[in-house]
Amino acid sequence: MSGAAKRAASPTRAISPPPLKRKVEPTVTKRTVASFFTPTSQKKPEKITWRVVNNSLVIGKYTTSPGEQPARREKAKVAAFDLDSTLVVTASGNTFPRDSSDWKWFSPNVPVKLQELNADGRLTATHRYHVVIMSNQKRISLQKDLKGGRADSKSLTNFKERVTGVMRQIDIPISVYAATAADENRKPRTGMWKEFVEDYDLDVFGVDLSASFYVGDAAGRPQDHSMVDRGFAMNVGIPFKTPEEFFLNEAAQDVQEPFNPSSYIKSEPADNVPAPFTRQSPRELVIFCGSPGAGKSTFYWNHLEPLGYERVNQDNLKTRQKCIKVAKEFLAAGSSVVVDNTNADPNTRAEWVRVAKEFNVPIRCVYFTSSPELCKHNNAVRAANRALNPESRAPLPGIAFGDFLKRFKEPTMEEGFSDIVRVDFRFQGDDEARRIWGQYWV
């Protein structure tokens, strides 16, 4: 991290304008009607299998012909799609489907486009796309189904019935991967992709990433609930399109990406970066001010602990009064102290100013400027990667960040500080740590 470093501007990326309102389209295709009137003896075999991995990832596989696929001798092409608001929307107009039949196509040409992907290169089967659905489905309650609960809109049974209907209408070999928990499988994290690659042995000859793509509606646009689909595609390393671009051929727009973790990767050589913090007095009190996940503890271990500062932290000591008691003991013993808490508002900081006056030592403030998006990213990376979590911190709930923002007032010299050190976050670590941290996690 460097106190003088300046955040790089996020790059612009192409996205589509918001979708127009469309009339309800029938989910039945000509292909389905023809199949209905085909004698059973002449129909192609259909097989749908389901399994759950690690009590979290739901996987469904739909096949249209028996036997194994031809052996692959070259890199695979993958056409991956989100499900809701990408392939289908609710027929009822609700945000979430009411039951397994509450769906319609996002556009009437969705099944046609997907069937074309499967038929592409049909004379050489290894050239066609692997078509796969990868969807976050945190509303699914696996435990309810395991306990024999009634099938409702949140049940696994309801999800299976809905997706089975979608796959039958498309009627090509297709798989669905649904992440039901906030773990390594949830987009933008890449657990679903890795499971898919292993399931189909695509790691033998590899995946042609430049020829593959992912289509999803969570693109970081003003009307989108997030940018997890765009982030997922970037993590995997494949091109990304919105449903409007892919299915409706709408033109793309240039907008500024709201958060890009790679812009926080430190690039300056270590010997060219000035020390972000130096001691000014033999004994002093230093308080941190910054959101949870802003990098405060890492800053202490990297820059103040080597200078001999003692650390007081409310996560460990549980109460502010206990922190004050321990800090006074350190100061009485002649040590300098760092208060590694959020210290969001002037009233909280004023208590520490009084402690400094009681011991007649200067008080300094280190102000961490990290944005809420960056702090949530740090929180997710830390919780999911033991190597980057030396203190074994548990993941923080979203309310922790909102609570800080409600209370936060930027520190000023008028509060009684001898100086305020501003820290603009920059990630530092080895190549593997940078690779992990530089991905999208929330």
Side-chain angles (χ1 to χ4, degrees), residues 11-20 22 57-60 77-90 95-97 103-107 109-111 113-114 117 129-140 159 162-163 166-167 170 174-180 182 184-197 207 209-255 257-261 439-442:
T12 59
R13 298 192 180 278
I15 63 169
S16 291
L20 300 175
R22 291 178 292 278
L57 181 61
V58 178
I59 301 173
K77 297 188 298 183
V78 178
F81 298 85
D82 185 30
L83 176 63
D84 298 301
S85 300
T86 298
L87 298 182
V88 299
V89 294
T90 61
T95 302
F96 301 106
W103 68 275
K104 63 176 182 175
W105 296 118
F106 171 84
S107 165
N109 66 348
V110 168
K113 292 275 283 187
L114 269 60
L117 291 170
Y129 283 88
H130 283 268
V131 183
V132 59
I133 301 169
M134 294 184 175
S135 175
N136 286 348
Q137 294 288 335
K138 198 174 180 181
R139 293 182 80 247
I140 295 177
F159 174 76
R162 185 164 66 102
V163 174
V166 171
M167 293 193 294
I170 299 171
I174 188 171
S175 296
V176 59
Y177 290 71
T180 67
E184 70 277 5
N185 296 311
R186 185 170 177 79
K187 294 179 300 183
R189 306 172 193 185
T190 57
M192 281 193 288
W193 176 268
K194 293 174 183 176
E195 187 74 25
F196 161 72
V197 168
V207 175
L209 297 177
S210 62
S212 302
F213 57 87
Y214 185 78
V215 179
D217 67 297
R221 300 168 292 184
Q223 74 273 20
D224 295 338
H225 60 85
S226 71
M227 62 170 287
V228 298
D229 289 332
R230 183 185 296 278
F232 174 76
M234 294 180 68
N235 285 348
V236 171
I238 57 179
F240 171 79
K241 287 189 176 184
T242 63
E244 291 76 22
E245 291 173 32
F246 187 79
F247 292 115
L248 306 180
N249 296 318
E250 292 187 4
Q253 282 184 324
D254 289 335
V255 298
E257 188 177 284
F259 174 74
N260 180 3
Q439 295 181 2
Y440 288 85
W441 288 85
V442 291

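For the numbers below, each heavy atom of this structure counts, side chains included, while hydrogens, waters and symmetry mates do not.
- For Asn136 (side chain) and Arg186 (main-chain N/O), no donor-acceptor pair under 3.5 Å exists by modelled atom type.
- A 4.5 Å side-chain heavy-atom check between Trp105 and Pro111 finds at least one atom pair inside the cut-off.
- Considering every non-hydrogen atom in both Asp82 and Ile133, the closest pair reads C-CG2, 4.2 Å.
- Nearest approach of Lys138 to Ala182, heavy atoms of both residues: NZ-CB, 3.9 Å.
- One N or O on the side chain of Asn109 and one on the backbone of Phe247 form a donor-acceptor pair closer than 3.5 Å.
- For the atom pair CG of Leu57 and CE of Met134, the computed distance is 9.0 Å after rounding to the nearest 0.5 Å.
- A donor-acceptor contact shorter than 3.5 Å is absent between the side chain of Asn235 and the backbone of Gln439.
- Phe159 places a side-chain heavy atom less than 4.5 Å from the side chain of Val176.
- Minimum interatomic distance between Ala218 and Asp224 (heavy atoms only, all atoms of both residues): C-OD2, 4.2 Å.
- Residues Val236 and Met192 are not in side-chain contact: their nearest non-hydrogen atoms beyond the backbone lie 4.5 Å or more apart.
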Verify side-chain contact (heavy atoms from CB on, under 4.5 Å) between Gln137 and Asp84, making sure each step is shown before the conclusion.
-> CA-CA 9 Å; Gln137 294 288 335; Asp84 298 301; 2.9 Å; yes
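- Taking every heavy atom of both residues into account, Pro239 and Ser210 meet most closely at CG-O, 3.8 Å.
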When you look at Thr95 and Thr90, which way does the side-chain contact (heavy atoms from CB on, under 4.5 Å) test go after all the steps?
-> CA-CA 7 Å; Thr95 302; Thr90 61; over 6 Å; no
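- Nearest heavy-atom pair, His130 versus Phe196, reported as atom, atom and distance to 0.1 Å: CB-CZ, 3.9 Å.
- A heavy-atom distance below 4.5 Å is not found between the side chains of Val78 and Ile238.
- With a 4.5 Å cut-off on side-chain heavy atoms, Asp217 and His225 count as touching.
- We find the CG-CD distance between Asn185 and Glu195 to be 7.0 Å, quoted to the nearest 0.5 Å.
- You'll find the side chain of Phe106 reaches within 4.5 Å of the side chain of Leu248, heavy atoms only.
- Between the OG atom in Ser107 and the CG atom in Asn249 there is a gap of 9.5 Å [rounded to 0.5 Å].
- Nearest approach of Gly231 to Pro188, heavy atoms of both residues: C-CB, 3.7 Å.
- Ring-plane geometry between Phe81 and Phe213 is classed as perpendicular, the angle between the planes exceeding 60 degrees on a 0 to 90 degree scale with a lower cut at 30.
- Not one N or O on the side chain of Thr190 forms a donor-acceptor pair closer than 3.5 Å with the backbone of Trp193.
- The ring-ring contact (aromatic ring centres under 6.0 Å, His included) test with Phe232 is passed by exactly one of Tyr440, Tyr177, Tyr214: Tyr214.
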